[in-house]
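The block underneath contains the structure these notes are about, expressed in C-alpha cells.
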Amino acid sequence: MIPSKINSIVALLLSVYYICSVSSIELTFELQDKAKDCYYENIEKNTSTTLEYQVVTGGQYDVDVIIESPTKEILYRQVKSQFDSHTFLAPVSGPYAICFSNEFSTFSHKLVYMDLQVGEEVPLPGIGEQVTVMTQMEATSQDIHTYLNQIIDYQTHHRLKEAQSRKRAEDLNHHVALWSATETVAILLVAIGQVFMLKRFFSEKTPTQMQCKSMY
C-alpha cells in the first residue's frame, strides 16, 4: 500500500514538473494609446506554435494583432480584435514577430494578455517510448497530466474574466459617482438661482409704492 502511494506522489510530481517545463510564454502588459508593441521569439522550421490573446481592460477591448515571419511574411492579421487563438506551422527558422497595435486609439490604454506556446508538449518520461500497453499507474499519470493542464487553462481564463469584470465594475462605479456629483452641483446651482430670483422679485418696487413715495 505504501509503495503504491509513493508511486502516485512521484507521478504527480513528474506531471507538475513537465507542465512547468513546456515551452510557453505568458505575458500581461499595458499597451499605451497610439502605440505598437512587438515581441520576438526564435522558432525552428516546421514547429507548431499557438498564440492566444485577450484584451483585459481598456477602451472597446480591441487591438490590432499581426504575426510576421523572419521573411516579413504576414502569417496572421486581425483588426480591432478582442480575443482569439491561432495555431501556425513555422515556414522557416528565425525570429518571429508578434505585434499588438493600439495606434487607432487616441486616449485609451489597453491591458493585454498573451500566451505563446512553441512546439509540442513534452510527454511524460517512459510514456510513448514503448510499444506495450500502458500500466494503470502510467495511464493515471497521463490522466493527471492532462487534467492539470486543463486546470491551468481554466484558472487563467477565470482570472482574465475576473479582472475584466472588476475593471468594468470600477468604470461603472466611476461613471455613477461622476453623474451623481454632476446632478448634485446642478441642483445646488438651481436652488441658488431660485433664491436670487425670489429675492430680486420681492426687492423690486411696484408703481404704487413709487407714487406714494413721490406724494410724501
Side-chain angles (χ1 to χ4, degrees), residues 19-20 24-41 49-68 74-88 96-118 147-207 209:
I19 286 176
C20 295
S24 177
I25 300 173
E26 288 189 71
L27 181 64
T28 303
F29 60 95
E30 184 176 5
L31 186 61
Q32 302 292 331
D33 54 287
K34 297 182 180 180
K36 180 179 180 181
D37 291 348
C38 293
Y39 300 89
Y40 298 88
E41 178 70 16
T49 305
T50 300
L51 171 67
E52 183 178 358
Y53 64 90
Q54 180 177 342
V55 182
V56 182
T57 61
Q60 299 297 321
Y61 301 90
D62 53 358
V63 291
D64 297 340
V65 185
I66 294 177
I67 300 178
E68 189 177 77
I74 302 299
L75 303 178
Y76 173 81
R77 182 195 297 270
Q78 284 290 332
V79 178
K80 294 186 177 181
S81 176
Q82 297 182 350
F83 60 89
D84 197 11
S85 178
H86 177 69
T87 302
F88 64 94
Y96 285 74
I98 299 96
C99 297
F100 297 86
S101 175
N102 194 31
E103 295 174 325
F104 57 85
S105 181
T106 56
F107 57 87
S108 296
H109 296 187
K110 309 290 175 63
L111 188 65
V112 184
Y113 165 80
M114 176 186 72
D115 181 15
L116 183 66
Q117 296 183 357
V118 180
Y147 293 150
L148 287 175
N149 278 332
Q150 293 177 356
I151 290 172
I152 291 175
D153 291 338
Y154 289 151
Q155 287 180 337
T156 300
H157 286 96
H158 281 308
R159 283 196 297 267
L160 292 174
K161 288 182 179 180
E162 188 273 335
Q164 192 175 63
S165 300
R166 184 177 67 253
K167 179 61 178 177
R168 287 181 175 177
E170 290 175 353
D171 291 341
L172 180 61
N173 181 55
H174 174 73
H175 291 151
V176 170
L178 184 62
W179 179 254
S180 300
T182 304
E183 285 187 334
T184 302
V185 172
I187 291 174
L188 290 175
L189 291 176
V190 170
I192 294 172
Q194 288 179 344
V195 170
F196 276 104
M197 290 293 294
L198 289 173
K199 184 177 180 181
R200 183 179 178 183
F201 176 77
F202 286 108
S203 63
E204 289 182 353
K205 296 180 179 180
T206 61
Q209 293 176 336

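Hydrogens, waters and symmetry mates are skipped; everything else that's a heavy atom, side chains included, is used.
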- Is Leu116 close to Ile98 at the side-chain level, that is, under 4.5 Å between some pair of heavy atoms?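 Yes, at least one pair of side-chain atoms sits under 4.5 Å.
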
- Query: Is any side-chain heavy atom of Leu75 less than 4.5 Å from a side-chain heavy atom of Tyr96?
  - Reply: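 Answer yes - side chains close enough.
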
- Test Lys36 against Cys99 for side chain to side chain contact (heavy atoms under 4.5 Å, CB included), laying out the working first. CA-CA 7 Å; Lys36 180 179 180 181; Cys99 297; 3.8 Å; yes

Distance, nearest 0.5 Å, that separates [atom1] of [X] from [atom2] of [Y]:
| X | Y | atom1 | atom2 | value |
| --- | --- | --- | --- | --- |
| Leu188 | Glu183 | CG | CD | 12.0 Å |
| Leu172 | His174 | CG | NE2 | 11.0 Å |
| Thr182 | Ile187 | OG1 | CD1 | 11.0 Å |
| Ile192 | Met197 | CD1 | CE | 14.5 Å |
| Glu26 | Glu52 | CD | CD | 9.0 Å |
| Gln117 | Ile25 | CD | CD1 | 10.5 Å |

- Not counting sequence neighbours, which residues clear side chain to side chain donor-acceptor pair (under 3.5 Å) with His109? List them please.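 If we apply the side chain to side chain donor-acceptor pair (under 3.5 Å) test to His109, skipping adjacent residues, the hits are Glu30, Gln32, Asp33.
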
- Count the heavy atoms of every other residue, nucleotide or ligand shown that sit under 6.0 Å from CZ of Phe83, and state whether that count exceeds 12. no

- Please walk me through it: do Tyr76 and Ile74 pass side chain to side chain contact (heavy atoms under 4.5 Å, CB included)? CA-CA 6 Å; Tyr76 173 81; Ile74 302 299; 5.9 Å; no

- Apply the test side chain to side chain contact (heavy atoms under 4.5 Å, CB included) to residues Asp64 and Lys80: give CA-CA distance (whole Å), side-chain angles for both, the deciding distance (0.1 Å), then the verdict. CA-CA 5 Å; Asp64 297 340; Lys80 294 186 177 181; 3.9 Å; yes

- Message: Going by the rule ring pair (Phe, Tyr, Trp, His ring centres under 6.0 Å), which residues pair with Phe29 if we only count those two or more places apart in sequence or in a different chain?
- Response: Tyr39, Phe100

- Return yes if some donor-acceptor pair links the side-chain N/O of Lys110 with the main-chain N/O of Asp62 below 3.5 Å, else return no.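 Yes, the answer is positive, given that a donor and an acceptor are paired below the 3.5 Å cut-off.
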
- Message: Pair Val63, Val112 - check side chain to side chain contact (heavy atoms under 4.5 Å, CB included), show working.
- Response: CA-CA 9 Å; Val63 291; Val112 184; 4.2 Å; yes

- Task: List in chain and number order the residues that pass salt bridge (charged side-chain N to carboxylate O under 4.0 Å, His left out) with Asp115, two or more places apart in sequence or in another chain; answer none if no residue qualifies.
- Result: none

- Message: Name the residue from Leu111, Val55, Asp37 that meets the side-chain contact (heavy atoms from CB on, under 4.5 Å) definition with Leu31.
- Response: Asp37

